[in-house]
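These notes concern the structure reproduced below.
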Amino acid sequence: MKKILERIQSTRNIGIIAHIDAGKTTVSERILYYTHKIHRMGEVHEGNATMDFMPEEQERGITITAASTHCEWKDYNINLIDTPGHVDFTIEVERSLQVLDGAVGIFCAVGGVEPQSETVWRQSENLQIPKIAFINKLDRVGADFENVLLSMQTRLQTKPLALQIPLGQGQDFSGIADLLTLQKMEFSDKDQGETITYSPLEGDELVEAEIWRDKLLEEIAELDDNFLEKYFNKTYTLDDIKQSLRTITIAKLATPTLMGSALKNSGIQPLLDAICDYLPNPLEAKPLKSEEFNPDTIKALVFKVILENNYRFALVRIYNGTIKENSTLYNINLKKHERIDHMYKLHADYREKVKEAYAGDLIGIIGMKTVQTGHTLSSDTELVPYEDFTKFQPVISLTFEPKNSVEAETLTTALERYCLEDPTLVVNNEEGFCLVSGMGELHLSVLSERIEREYKIKPRVGNPQVILKESINNTELIQASYRFERELGDKLHQGHVEISISKRERGEDNSIFISEAARAIIQKQKANTKEDPVKSVEEYCASILESGYNDGLALTDIQFNLDNVIETENISLVGIQNALHFAMEQAYSAASIITLYPIMKLEITVPEDNLGACMNLLNTCKAKVEQLYEKHALKCIVALAPMQELFGFATNLRSATQGRASLSMQFLHYDTI
């Protein structure tokens with residue numbers, strides 16, 4: 001037991017999260033190099049980064065799929081996931097964050113907190129994940145670490161605690177001043193930053209560092225009562241400061257912030273130290289923080305499934321117990337046993353076979369035939385599953401039309417595989433073609449390329465189609481009731497319901513409420529079903545709204561109330577569900593229906609000379625400019641525009657500005673135009 005606890009306490013499960021092009025993969029590459037996991041550093045711009053192993057990633061220079069690896073630093077075992085930065089692949093970030101205990105947010109010293117930085121930071125906040133930050137690219141012209149700290153405070157609503165300051169910025173960047181020890185750190189060019197020279201700070205550098213250090217210690221004292229007394233009495237040690245920073249980080253009261261330049265091999269080793277010193281071990285993080293650790297009972301979460309040669313390769317996070325090769329585990333979600341044939345430790349696309357794995361490990365498993373993303377595995381059939389992942393709504397569709405029956409069969413196989421791997425893809429098979437829905441143009445473009453490369457077929461791809469939704473525009477409550485009575489098979493089914501629907505604010509999604517009186521009557525149907533009848537009715541109400549009534553458009557932003565269920569002689573769950581369907585149809589007919597379109601938030605950075613061309617292009621896209629401000633002598637535009645007006649917008653923007661504009665685009669909510 002003691003050895004197991006020591007092993008878990010020295011484990012760190014972390015993710016690298018940030019905006020696209022902030023340097024996530026470059027930082028990951030340096031971490032692997034300095035921990036001697038790899039012996040040669042690859043570069044994203046050269047297409048040979050270890051963690052970007054897919055051909056589509058190497059061609060585009062972006063991370064598309066979350067890559068997992070493990071390495072050792074000093075006495076710690078670090079499991080690392082490099083996540084995508086592009087909004088189209090946000091599900092990869094979400095399912096990675098589900099199994100991580102801590103995260104490192106990477107911010108560009110020039111760009112600061114950018115749109116996708118906010119998105120992934122918000123995702124990690126929702127999952128209560130402690131974080132440290134790394135300000136990257138301090139060697140670039142326009143670098144401003146103080147501006148990044150300010151933008152972290154204003155845009156992320158976090159308190160950055162600068163543990164270092166740069167010695168020079170941009171072309172003058174020469175090293176880092178450590179505020180905890182008041183030492184200068186210089187990274188050797190001769191051995192790719194492996195050798196660090198430490199020397200005492202002197203002169204103006206020392207004066208500036210002492211100012212920052214005093215500010216840091218004051219902020220720590222404000223956040224940690226245990227450190228406060230030592231601070232006032234000036235009896236604190238370096239270990240006291242580090243322990244306090246660890247407490248503050250795990251409690252999510254602030255974000256320790258380090259800095260450097262990954263491309264120039266500066267600042268990575270101190271970042272590794274901070275990961276070990278300040279981020280939580282599995283016992284200090286969720287869910288073990290809120291549930292009892294039991295080394296004798298296995299409990300694990302499947303956070304990704306990949307289909308390979310008709311075998312499911314499941315990526316699994318172990319929370320409790322030890323999993324062994326050739327053992328059997330119980331799938332709590334499916335209520336069936338799953339066979340564990342082989343297990344692997346992961347290093348990007350390379351796998352290292354292992355005989356057993358322990359609590360805190362991230363592993364790959366082959367053998368389970370029916371497992372899916374989000375399932376919980378256990379040795380105890382009575383345990384409750386972990387909460388399933390958040391589902392993201394697709395906003396754009398493409399038609400894939402096979403050229404012949406053989407290609408149609410291959411296309412079906414391919415899409416089944418990709419949907420299993422990526423829950424944000426939705427496929428509807430129509431006569432002669434498949435309608436595939438996803439998170440954005442790039443998402444579906446990468447899918448099309450993978451089908452062609454991996455399955456050697458090239459179906460005709462139609463024009464993108466935007467997914468529309470409907471809502472109601474009535475200010476008053478709409479009421480309806482329906483009595484259903486029909487013989488189905490040899491049994492009479494009855495159901496009599498009274499419902500009401502009302503409008504919710506944009507972006508609030510649907511909400512379903514069942515009154516206590518209705519719940520009591522529905523619960524009486526328990527004897528006729530294995531499922532919880534109230535939960536079944538709630539799910540049926542949700543499916544009614546999701547299916548819609550006009551051309552299958554889903555309904556959103558609606559408050560659906562089941563006010564009453566009237567008890568009749570032959571009442572049944574089937575009767576209640578049918579009555580709900582027809583009652584909602586009545587309410588829909590009486591409502592004022594409006595069509596909603598996916599609205600995207602655009603953030604564009606452009607030189608002033610190209611501002612006019614950019615604004616003209618936005619006008620043609622029915623965009624509404626929300627904000628226009630200046631940042632580092634560049635103009636920044638925040639605008640909202642309907643998705644259907646933005647096809648090809650990125651290409652047109654590059655042409656209109658001679659490639660000088662940068663664009664970030666993310667789904668905001670559904671609304672009227």
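Here the shortest heavy-atom pairing between Asn331 and Leu334 reads OD1-N, 3.1 Å. When all heavy atoms of Glu454 and Arg417 are compared, the closest pair comes out as OE1-NH1, 2.7 Å. The minimum heavy-atom distance linking Met368 with Val316 is given by the pair CE-CG2, 4.5 Å. Nearest heavy atom pair, residue Ile106 against residue Ile16, reads CG1-CG2, 3.6 Å. Shown here for Arg351 and Phe313, the closest heavy-atom pair between the two residues is NE-CZ, 3.4 Å. Across Ile318 and Ala357, no two heavy atoms sit closer than the pair CD1-CB, 3.6 Å.
With contacts defined as side-chain heavy-atom distances shorter than 4.5 Å, the pair Glu352/His70 qualifies. With a 4.5 Å cut-off on side-chain heavy atoms, Leu555 and Ile501 do not count as touching. Proximity of Ile571 to Val565: side-chain heavy atoms (C-beta onward) are separated by under 4.5 Å at one or more points. No side-chain heavy atom of Asp341 sits less than 4.5 Å from a side-chain heavy atom of Tyr311. Annotation: side chain of Ser10 is not in contact with side chain of Asp75 (no heavy-atom distance under 4.5 Å). The closest side-chain heavy-atom distance from Asp509 to Thr556 is below 4.5 Å. Counting only heavy atoms from C-beta outward, the side chains of Phe560 and Met584 approach each other to under 4.5 Å. Under the 4.5 Å side-chain criterion, counting only non-hydrogen atoms from C-beta, Val436 is not in contact with Tyr418.
Counting only distance, with no hydrogens or angles, the side chain of Asn510 and the backbone of Asp557 share a donor-acceptor pair below 3.5 Å. In terms of modelled atom types and a separation under 3.5 Å, the side chain of Arg317 and the main chain of Val99 share a donor-acceptor contact. The closest donor-acceptor contact from the side chain of Ser327 to the backbone of Lys324 lies under 3.5 Å. Between the side chain of Asn561 and the main chain of Asp563, no donor-acceptor pair closer than 3.5 Å is present. At distances below 3.5 Å, not a single donor-acceptor pair connects side-chain atoms of Asn77 with backbone N or O atoms of Thr11. With hydrogens and angles disregarded, a donor-acceptor distance shorter than 3.5 Å links the side chain of Arg246 to the backbone of Leu279. Within the 3.5 Å criterion, the main-chain N or O of Ile298 finds a donor-acceptor partner in the side chain of Ser379. No donor-acceptor pair under 3.5 Å is formed between the side chain of Ser448 and the backbone N or O of Leu444. A donor-acceptor pair is defined here as one N or O able to donate and one able to accept, closer than 3.5 Å; no such pair exists between the side chain of Lys469 and the backbone of Pro598. Judged by distance alone, the side chain of Lys299 and the main-chain N or O of Thr297 form no donor-acceptor pair under 3.5 Å.
Take Glu508 and apply the side chain to side chain contact (heavy atoms under 4.5 Å, CB included) test, not counting sequence neighbours, and it matches Arg504, Glu505. Taking the side chain to side chain contact (heavy atoms under 4.5 Å, CB included) definition, one finds that Ile332 meets it with Tyr330, Thr376, Ser378, Leu383, Pro385, sequence neighbours left out. For Glu538, the salt bridge (Lys or Arg N to Asp or Glu O under 4.0 Å) test picks out Arg519, with sequence neighbours left out. Scored by the side chain to side chain contact (heavy atoms under 4.5 Å, CB included) test, Lys369 finds no partners at all (sequence neighbours excluded). Listed by chain and number, the residues in a side chain to side chain contact (heavy atoms under 4.5 Å, CB included) with Tyr540 are Ser543, Ile544, Gln577, Leu580, His581 (sequence neighbours excluded). The side-chain hydrogen bond (donor to acceptor under 3.5 Å, both in side chains) search around Asn428 returns none, not counting sequence neighbours.
In this structure, Ile451 CD1 and Thr413 OG1 are separated by 11.0 Å, a value rounded to the nearest 0.5 Å. The line from CG of Asn281 to SG of Cys276 is 11.5 Å long, rounded to the nearest 0.5 Å. Residue Ile306 holds its CD1 atom at 9.0 Å from OG1 of Thr373, rounded to the nearest 0.5 Å. Distance check: Ile14 CD1 to Ile31 CD1 gives 5.5 Å after rounding to the nearest 0.5 Å. Going from atom OG1 of Thr328 over to atom NE2 of His337 covers 7.0 Å, rounded to the nearest 0.5 Å. A distance of 14.0 Å separates CZ in Arg12 from CG in Leu80, rounded to the nearest 0.5 Å.
Using a cutoff of 4.0 Å between basic side-chain nitrogens and carboxylate oxygens, Glu338 and Arg312 are not scored as salt-bridged. In this structure, Asp361 pairs ionically with Arg7, as a charged nitrogen and a carboxylate oxygen lie closer than 4.0 Å.
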- Message: I'd like to know whether Val302 forms a side chain to side chain contact (heavy atoms under 4.5 Å, CB included) with Ile365, so could you lay out the CA-CA distance, the side-chain angles of the two residues, the decisive distance to 0.1 Å, and finally the verdict.
- Response: CA-CA 10 Å; Val302 179; Ile365 294 177; over 6 Å; no

- With side chain to side chain contact (heavy atoms under 4.5 Å, CB included) as the test, would you mind laying out the steps for Glu567 and Lys524 before giving the verdict? CA-CA 10 Å; Glu567 204 162 4; Lys524 291 180 181 179; 3.3 Å; yes

- Task: Please test Glu72 against Thr35 for side-chain hydrogen bond (donor to acceptor under 3.5 Å, both in side chains), starting from the C-alpha separation and ending with a verdict.
- Result: CA-CA 6 Å; Glu72 292 179 1; Thr35 57; over 6 Å; no

- Show your working on side chain to side chain contact (heavy atoms under 4.5 Å, CB included) between Leu362 and Leu346 and close with a plain yes or no. CA-CA 8 Å; Leu362 300 176; Leu346 306 172; 5.8 Å; no

- Message: Between Lys131 and Thr158, is the side chain to side chain contact (heavy atoms under 4.5 Å, CB included) condition met? List the steps.
- Response: CA-CA 10 Å; Lys131 293 172 286 295; Thr158 188; over 6 Å; no

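Between the side chains of Lys37 and Thr69, no donor-acceptor pair of N or O atoms lies under 3.5 Å. Donor-acceptor pairing under 3.5 Å is recorded for the side chains of Glu470 and Tyr588. In this structure, a donor-acceptor pair under 3.5 Å is present between the side chains of Asp101 and Asn13.
Tested against Lys353, the residues Glu325, Met343, Lys345 include a single side-chain contact (heavy atoms from CB on, under 4.5 Å) partner, Glu325.
Classified by interplanar angle (parallel below 30°, tilted 30° to 60°, perpendicular above 60°), the ring pair Phe484/Phe582 is parallel.
Within a 6.0 Å radius of CZ in Arg486, no more than 12 heavy atoms belonging to other residues, nucleotides or ligands are found. Heavy-atom contacts from other residues, nucleotides or ligands closer than 6.0 Å to CD of Glu539 number more than 12.
With Tyr358 as the aromatic partner, Lys3 does not meet the cation-pi criteria of under 6.0 angstrom to the ring centre and within 45 degrees of the ring axis.
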